[in-house]
*Asks:* 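Before I ask anything, let me first share the structure, which is written out below as structure tokens.
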Number of protein chains: 2
Amino acid sequence: MDFGRATGLIRDGLSKRHLVTVFGECSVDYVGRATSTLPFGKRLAMLKGDGSVSIHQNRLVRPTNYMVNTRLSIEEAGECAVLVAKKLSPREQLTITFRKILDVKSYPMEITDDLRLSGSERDLNDLLMEDLSMIEPGLKPVNQQEHFSKGIADIIAEDSAGNFVVIELKRRQADYASVTQLQRYMQQVEKLKGKKTRGILLAPGIRSNARKLLYELGLEFAKLDFELKPSSAQKAEIKGLERKQTTLLEHFGAAGK
Amino acid sequence: MDFGRATGLIRDGLSKRHLVTVFGECSVDYVGRATSTLPFGKRLAMLKGDGSVSIHQNRLVRPTNYMVNTRLSIEEAGECAVLVAKKLSPREQLTITFRKILDVKSYPMEITDDLRLSGSERDLNDLLMEDLSMIEPGLKPVNQQEHFSKGIADIIAEDSAGNFVVIELKRRQADYASVTQLQRYMQQVEKLKGKKTRGILLAPGIRSNARKLLYELGLEFAKLDFELKPSSAQKAEIKGLERKQTTLLEHFGAAGK
DNA sequence: GCTGGGAGAGGCTTA
DNA sequence: TAAGCCTTTCCCAGC
């Protein structure tokens with residue numbers, strides 16, 4: 001495909017805010033948060049109506065190069081056609097140099113987003129708030145997504161003994177970061193309210209090292225067992241909650257140490 | 001485009017491990033780590049030679065739906081053509097139901113990975129190891145990327161007073177996770193070696209709350225000023241290092257508190 | 001397989 | 001804009 005025709009098609013597609021794909025032999029240079037060079041090779045460039053650009057190789061979901069929120073331009077330069085994507089703050093530039101353009105497609109599409117996702121942490125959070133007694137009898141909600149200077153606590157509750165309970169919810173296996181996150185909130189709540197405060201990490205699982213750290217810090221873990229309903233039903237469902245090894249003593253006792 | 005022709009093209013492209021794009025009106029259902037549905041609409045599906053699938057709308061870099069490492073099949077079913085991507089462990093399924101296929105493209109491409117980046121953390125790490133005195137006079141390397149049960153410490157050094165120094169390097173703004181990560185390593189080294197150990201977080205910047213936490217924990221921060229060379233030069237260059245507020249006292253002193 | 005952690009993370013929400 | 005954080009994070013390296 002000759003460059004004149006190709007660049008014409010691309011410009012037309014961009015002006016209509018279509019999704020434009022360009023297949024060809026190109027090299028790619030990125031300068032911005034890092035710098036990278038890609039030698040000439042066959043790739044598929046995807047230019048979206050909102051200014052997103054991505055360069056795809058025939059492997060992996062993630063593009064080799066990409067940029068959001070760009071201003072796009074294409075020019076013929078000697079033996080090549082050069083597509084430039086620019087952005088300010090932070091200053092970034094992606095330069096795609098085509099020595100051959102093999103195909104250009106311009107797909108008319110709305111610039112919309114209508115995905116309905118179920119089973120996100122937000123869903124689970126809402127479900128839990130409806131009945132905190134799933135976690136522990138007598139647990140009463142105090143607040144949700146409460147902002148502290150050191151972050152945002154998922155759920156704050158009060159247990160039957162009148163202690164505050166900070167609950168950190170994870171939809172997947174909890175790790176070190178989850179534990180330290182909970183600790184930050186727990187300590188801050190304790191300091192702010194001046195009352196004994198517990199911290200419960202609620203997740204489908206926890207990595208063993210993270211669990212050790214958790215217990216060393218005097219925090220608790222509760223296993224969250226939830227089921228993802230098929231897409232027709234809009235919400236996930238919490239099947240049950242299981243409390244395990246609520247204290248450090250029990251933990252190391254059970255481990256036989 | 002009639003379904004017979006479309007499915008034929010798709011099957012042919014898949015068998016050749018091309019990068020195949022399918023543009024059409026489709027609905028998408030995902031069941032796996034979450035569940036999601038996408039009502040009928042125009043979208044571009046991208047099927048890669050390694051079994052990666054992604055569904056793109058006309059906005060954002062990230063696809064609305066995706067799956068890696070899938071087995072793909074396409075069948076005509078009544079008024080629709082249904083593309084199914086399956087994967088075991090964890091069990092996931094992506095179902096793309098086309099009621100119209102408007103375009104199919106099959107791009108012959110190698111299944112390779114040829115991106116070369118500069119300015120990665122590893123590069124900076126190597127540069128720093130060449131001359132730790134940039135961080136502090138008299139600092140001598142002990143180890144690099146040392147594995148501990150609690151993670152991997154970027155750099156371990158010894159200062160002129162004979163203390164161990166654990167250095168955590170971040171190529172971008174440091175946050176809470178960076179601070180707690182460093183603390184984990186520092187504590188573990190201290191325990192393992194039984195010697196007073198310092199911890200230095202080395203990054204181009206740090207969020208103010210994270211900095212507060214850092215000083216509360218008795219850790220140090222050093223500003224790393226580095227420059228990313230244009231792609232022709234292969235390596236980044238460290239322009240300089242600036243030590244600021246090395247102690248909690250200085251920090252709060254400077255803050256006027 | 002699990003674990004730990006980087007990434008040009010992307011992308012969203014709220015202050 | 002910055003901070004904080006979730007993500008079907010993706011992806012890789014080590015073990």
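First the proteins, then the strands, lettered A, B, ... as listed; each starts at 1.
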*Asks:* Send over the distance from A:Tyr30 OH to C:dG10 C1', rounded to a whole Å.
*Replies:* 13 Å

*Asks:* Please give, in whole Å, the distance from C:dG6 C1' to A:Arg33 CZ?
*Replies:* 14 Å

*Asks:* Around atom CD of A:Gln173, are there more than 12 heavy atoms from other residues, nucleotides or ligands closer than 6.0 Å?
*Replies:* yes

*Asks:* Does A:Lys48 use its side chain to pair, donor to acceptor, with the backbone of B:Gln57 at less than 3.5 Å?
*Replies:* yes

*Asks:* How would you label the contact of A:Met67 with the nucleic acid (heavy atoms, under 4.0 Å): base, sugar-phosphate, or nothing?
*Replies:* base

*Asks:* In this structure, how many angstroms lie between the C1' atom of D:dT8 and the CZ atom of A:Arg62, rounded?
*Replies:* 14 Å

*Asks:* Need one value for B:Gly151: base, sugar-phosphate or nothing, where a base atom within 4.0 Å counts as base even if backbone is also close, heavy atoms only.
*Replies:* sugar-phosphate

*Asks:* Among D:dG4, D:dC11, D:dT8, find the nucleotide with the atom closest to the side chain of B:Arg207.
*Replies:* D:dG4

*Asks:* Between B:Gln173 and B:Ala34, which residue's closest nucleotide on DNA chain D lies nearer the 5′ terminus?
*Replies:* B:Gln173

*Asks:* Have a look at A:Ser52 and say if it touches a base, only the backbone sugar-phosphate, or nothing, with a 4.0 Å heavy-atom cut-off.
*Replies:* nothing

*Asks:* DNA chain D: A:Glu121 or A:Val61, which has the more 5' nearest nucleotide?
*Replies:* A:Glu121

*Asks:* Heavy-atom count check: over 12 atoms from other residues, nucleotides or ligands less than 6.0 Å from A:Lys86 NZ?
*Replies:* no

*Asks:* Mind calculating the distance between CD (B:Glu146) and P (C:dG4) to the nearest angstrom?
*Replies:* 17 Å

*Asks:* Roughly, in whole Å, what's the span from CD in A:Gln188 to C1' in D:dG4?
*Replies:* 13 Å

*Asks:* Please tell me which of B:Pro63 and B:Gln181 maps to the more 5' nucleotide of DNA chain C, matching each residue to the nucleotide holding its nearest heavy atom.
*Replies:* B:Gln181

*Asks:* Expressed in angstrom and rounded to an integer, what is the separation of B:Phe148 atom CZ from C:dT3 atom P?
*Replies:* 20 Å

*Asks:* Closest heavy-atom contact between B:Met109 and A:Leu44?
*Replies:* CE-N, 4.0 Å

*Asks:* Of all heavy-atom pairs between B:His56 and B:Val61, which one has the smallest distance, and what is that distance?
*Replies:* CE1-O, 3.7 Å

*Asks:* Any side-chain N or O of A:Arg59 under 4.0 Å from OP1/OP2 of D:dC11?
*Replies:* no

*Asks:* Pick base, sugar-phosphate or nothing for B:Tyr66, based on heavy-atom distances below 4.0 Å to the nucleic acid.
*Replies:* base

*Asks:* What is the nucleic acid contact for A:Asp175, judged by heavy atoms within less than 4.0 Å: base, sugar-phosphate only, or nothing?
*Replies:* nothing

*Asks:* If the P atom of D:dG4 is compared with that of D:dT8, how far apart are they to the nearest Å?
*Replies:* 23 Å

*Asks:* Nearest to the side chain of A:Val68, which nucleotide is it out of D:dT8, C:dG11, D:dA3?
*Replies:* C:dG11

*Asks:* For A:Lys150 and B:Glu216, run salt bridge (charged side-chain N to carboxylate O under 4.0 Å, His left out): C-alpha distance rounded to whole Å, both residues' side-chain angles, the deciding distance at 0.1 Å, then the answer.
*Replies:* CA-CA 13 Å; A:Lys150 289 193 175 174; B:Glu216 284 168 19; 3.1 Å; yes

*Asks:* Any side-chain N or O of B:Lys150 below 4.0 angstrom from OP1/OP2 of C:dG4?
*Replies:* no

*Asks:* Examine D:dT1: is either OP1 or OP2 under 4.0 Å from a nitrogen or oxygen in the side chain of A:Ser89? Give yes or no.
*Replies:* yes

*Asks:* If the cut-off is 4.0 Å, is B:Asn65 near the phosphate of D:dT8, judged by side-chain N/O to OP1 or OP2?
*Replies:* no

*Asks:* Under 4.0 Å, heavy atoms only, any strand: does A:Glu168 hit a base, just the sugar-phosphate, or nothing?
*Replies:* sugar-phosphate

*Asks:* Over how many whole Å does the gap from B:Asp113 atom CG to C:dA7 atom C1' extend?
*Replies:* 14 Å

*Asks:* Would you please confirm or rule out a distance under 4.0 Å between OP1 or OP2 of C:dG4 and any side-chain N or O of A:Asn209?
*Replies:* yes

*Asks:* With a 3.5 Å distance limit and no angle check, can you tell me whether B:Thr197 reaches the backbone of B:Met186 through a side-chain donor-acceptor pair?
*Replies:* no

*Asks:* Roughly, in whole Å, what's the span from CD1 in A:Ile155 to C1' in D:dC6?
*Replies:* 15 Å

*Asks:* Taking for each residue the nucleotide of DNA chain C with the nearest heavy atom, is it B:Arg172 or B:Pro90 whose nucleotide lies nearer the 5' end?
*Replies:* B:Pro90

*Asks:* Would you measure the distance from the C1' atom in C:dA7 across to the matching atom in D:dT7 and give it in whole Å?
*Replies:* 14 Å

